[in-house]
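Residues take their numbers from the sequence shown, with the count starting at 1.
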Amino acid sequence: PESPKTEYEPSFSADGRYESFTLCKANLAMELIIRDTKTSKQVVIGHKGRGGYTRSVISPKATQVIYCFAENGPQHIWSVDIQGKNKRQLTDGAGINNWPSFSPDGKQIVFTSSRTGTYEIFLMNSDGSKLKQLTNNNKMEIRPRLSPDGKSIAYVTNDGGDRDVFVMDIDGKNQRR
């Protein structure tokens, strides 16, 4: 008999034409699926090794999908075009990289990384270049999301034991509750 499969971590393009999600076929046997809802055509993104895909996000113009996967060491952010081609790793080095989010114009990605020893917020171009650390508070700062106008970033921080939502400017300044 065929084993049950689980689909989770869905994401849609802004126009609703494309969806991406993680397909779990067995314990740590996962694939990233990108489906064209208009044609029902889908592509499967595979990696070497066993690990989990997390947080796939489709770019605002539906040209790129970013996601997280630990292929050879810590979890990194990867990119693939909407047809499932041109797969490449965008982050490198030590630490876990997670919770990527595109800017409204699709030119930048904000994400969390533990590369400094604690989870901090980083910003980079959508091709992985021009990496910039935005927070350096020695707190757990996670799940960043850019505002619709691209000027602010909302994120969750562990401030004094509580998890609170904070907002900062796109350059990391003016951090506030």
Quiz prompt | Residues Lys151 and Asp169 bridged, charged N to O under 4.0 Å | solution = no

Main-chain N/O of [Y] paired to [X] side chain as donor or acceptor, under 3.5 Å:
X      : Y      : value
Thr91  : Ile77  : yes
Asp162 : Asp164 : no
Glu120 : Glu141 : no

Measuring from [X]:[atom1] to [Y]:[atom2], what's the distance to the nearest 0.5 Å?
X      : Y      : atom1 : atom2 : value
His76  : Arg88  : NE2   : CZ    : 14.0 Å
Tyr67  : Ser79  : OH    : OG    : 8.0 Å
Gln175 : Lys139 : CD    : NZ    : 8.0 Å
Ile66  : Ser59  : CD1   : OG    : 8.5 Å
Ile34  : Ile45  : CD1   : CD1   : 4.5 Å
Ile109 : Leu131 : CD1   : CG    : 11.0 Å

Quiz item: Taking atom types as modelled and ignoring hydrogens, do the side chains of Asp15 and Ser13 form a donor-acceptor contact shorter than 3.5 angstrom?
Solution: yes

Quiz item: Do Arg55 and Phe111 meet the cation-pi criteria used here (NZ or CZ under 6.0 Å from the six-membered ring centre, within 45° of the axis)?
Solution: no

Do [X] and [Y] touch side chain to side chain, with heavy atoms closer than 4.5 Å?
X      : Y      : answer
Glu7   : Leu23  : yes
Thr63  : Asp81  : no
Lys132 : Asp171 : yes

Quiz item: Can you get from Tyr119 to Val156 by hopping between Ile, Leu, Val, Met, Phe, Trp and Tyr side chains that sit under 4.5 Å apart?
Solution: yes

Exercise. Describe, in one word, how the ring planes of Trp78 and His47 are oriented to each other, choosing from parallel (under 30°), tilted (30 to 60°) and perpendicular (over 60°).
Key: perpendicular

Quiz item: Under 6.0 Å from the CZ atom of Arg176, do we count more than 12 heavy atoms belonging to anything else shown?
Solution: yes

Quiz item: Among Gln89, Gln75, Arg115, which residue meets the side-chain hydrogen bond (donor to acceptor under 3.5 Å, both in side chains) test with Asn97?
Solution: Arg115

